[in-house]
Number of protein chains: 2
Amino acid sequence: MSLGHTLLGLLSYAPMTGYELKRVFDQSINHFWNAQMSQIYRELNNMETHGWLRSEIEKQDAKPDKRIYTITEAGNTAFLKWLEKFPAILHEPVRSDFLVRIFFASQLELPDLLYEIKRFLREQQETLSTLGNTDTVIKNYQQMIKAGTDKAFFWQLTLNMGIKHTKTSIEWAEECIKSIEERVKWQNEYKNTSH
Amino acid sequence: MSLGHTLLGLLSYAPMTGYELKRVFDQSINHFWNAQMSQIYRELNNMETHGWLRSEIEKQDAKPDKRIYTITEAGNTAFLKWLEKFPAILHEPVRSDFLVRIFFASQLELPDLLYEIKRFLREQQETLSTLGNTDTVIKNYQQMIKAGTDKAFFWQLTLNMGIKHTKTSIEWAEECIKSIEERVKWQNEYKNTSH
DNA sequence: GAATTCATGTAACTTGTTACATGATTTA
DNA sequence: TAAATCATGTAACAAGTTACATGAATTC
């Protein structure tokens, strides 16, 4: 129940609503974990029945009521226990729809493939420009959850990983485009000489 | 239904049993997609009802019967349609349990954290030594499915991505270890001067 | 006037994981 | 003698996705 534990972790910083959890998620953890709103609400329900959280309703005028979740003692214990026990195999399964298509790309037209890889490249560059602005990201996040610099050190480590991997994807895409363009050239030359 | 389409792709190379599909998966696609046996059998069943595959049983003596799956015309069409239509957003959600723990590592003891990151580093180095032997990997795979060099070009591209990302993880872990070790030093110095 | 934000969720569905069952043969 | 390989699956459960519903207030 990794998502649940991640939510517990955030609630160990401060009590929050499901909606706020989603926002914090999207602005910090998002580059290495993600979750839909509906999934968050389900997890919160489960954990409340487990006794890891308790919730209070805060009335608001002109806006829907808020349900604010607070972590319990039991929740904290469960979180720490989870946090300390890293899985036996740290290497995580990757699932990339994109790479599956590259794998079978011999059945595609090279210009179409090039188009998609260029699109991929642009996307990664955009990601980099968001992640790359580390200081802003961390400051925003620090404000959002009112946490000290001791925490920021570790957030930085995860951001570093995100940035590095994004740069790697960019590098890959650039090399990829080059080698496919060469291939296109060869194919054209072959056409011209043999026909 | 990405897994289904991946299986279709493999069956477009040659008819295979579920068991063989699993083996091919583990030795080629595994570094960017993975699947359990039980999931493969379920997908195959689904696709057979869809009419994308058909299967024949081959009796064997002293071994269980084989059910050999062959892709149909409809299956081929469905596969190509899927292959050509890349998703609107190519950037894929990452889910890393490991990074979640790093994110919350301010609640861990630094020596314990260091131990886990070193373990991560070793794992990635092992992965690299498997993936890095590209020629062997591709040759094995080529034999396994009896495919030509036109396909190998694209397999190579996916392998390149895997290798690059693994190297990046190694680099990250090394830097990470350095900066945590410095942090440990500071903490010890602080202890010695203030107490 | 349409889209976005705030804030809650439910329901249906699809995927992914884990555990179990069978049973002979080969390798360590 | 224990384990791994070959080869099939089923069942139960956990997690992720998509679509829908409500409804006021604000921004474009």
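By convention in this document, chain letters (A, B, ...) are assigned in the order of the sequence lines, proteins followed by strands, and residues within each chain are numbered from 1.
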Do any side-chain nitrogens or oxygens of A/R67 fall under 4.0 Å of OP1 or OP2 in C/dC6? no
Does A/Q39 place a side-chain N or O at less than 4.0 Å from the phosphate oxygens OP1/OP2 of D/dG16? yes
Which residue lies more 5' along DNA chain D, comparing B/P93 with B/D65 via nearest heavy atoms: B/D65
Would you mind telling me which of [options] lies closest to the side-chain atoms of [X]?
| X | options | value |
| --- | --- | --- |
| B/K66 | D/dA7, C/dT18, C/dG16 | D/dA7 |
| B/Y69 | D/dA15, D/dG9, C/dT17 | D/dG9 |
| B/Y41 | D/dA7, D/dG16, C/dT18 | D/dA7 |
| A/N45 | C/dT17, C/dT10, D/dT8 | C/dT10 |
| A/Y19 | D/dT8, C/dA7, D/dT17 | C/dA7 |

Distance check needed: [N] [atom2] versus [X] [atom1], whole Å only.
| X | N | atom1 | atom2 | result |
| --- | --- | --- | --- | --- |
| B/W33 | C/dG16 | CH2 | P | 6 Å |
| B/H50 | C/dT14 | NE2 | C1' | 12 Å |
| A/K22 | C/dA7 | NZ | P | 16 Å |
| A/Q36 | D/dA19 | CD | P | 11 Å |
| B/M37 | D/dT5 | CE | C1' | 13 Å |
| A/M47 | D/dA15 | CE | P | 11 Å |
| A/E43 | D/dA15 | CD | C1' | 8 Å |
| B/H5 | C/dT15 | NE2 | P | 10 Å |

Sugar-phosphate only, base, or nothing, as touched by B/T17 at under 4.0 Å among non-hydrogen atoms: sugar-phosphate
For B/H165 and A/S169, which I'm curious about, is there any donor-acceptor pair between the side chains at under 3.5 Å? yes
Could you tell me if B/T168 and A/T168 have a donor-acceptor pair between their side chains, going purely by distance under 3.5 Å? yes
Heavy-atom count check: over 12 atoms from other residues, nucleotides or ligands less than 6.0 Å from B/K167 NZ? no
Could you pull out the closest heavy-atom pair between A/T72 and A/L53, with the gap in Å? CG2-C, 3.7 Å
Mutual orientation of the aromatic rings belonging to A/H5 and A/W82 [parallel < 30°, tilted 30-60°, perpendicular > 60°]: parallel
Can you tell me whether the side chain of A/R42 and the base of D/dG16 have a donor-acceptor pair closer than 3.5 Å? yes
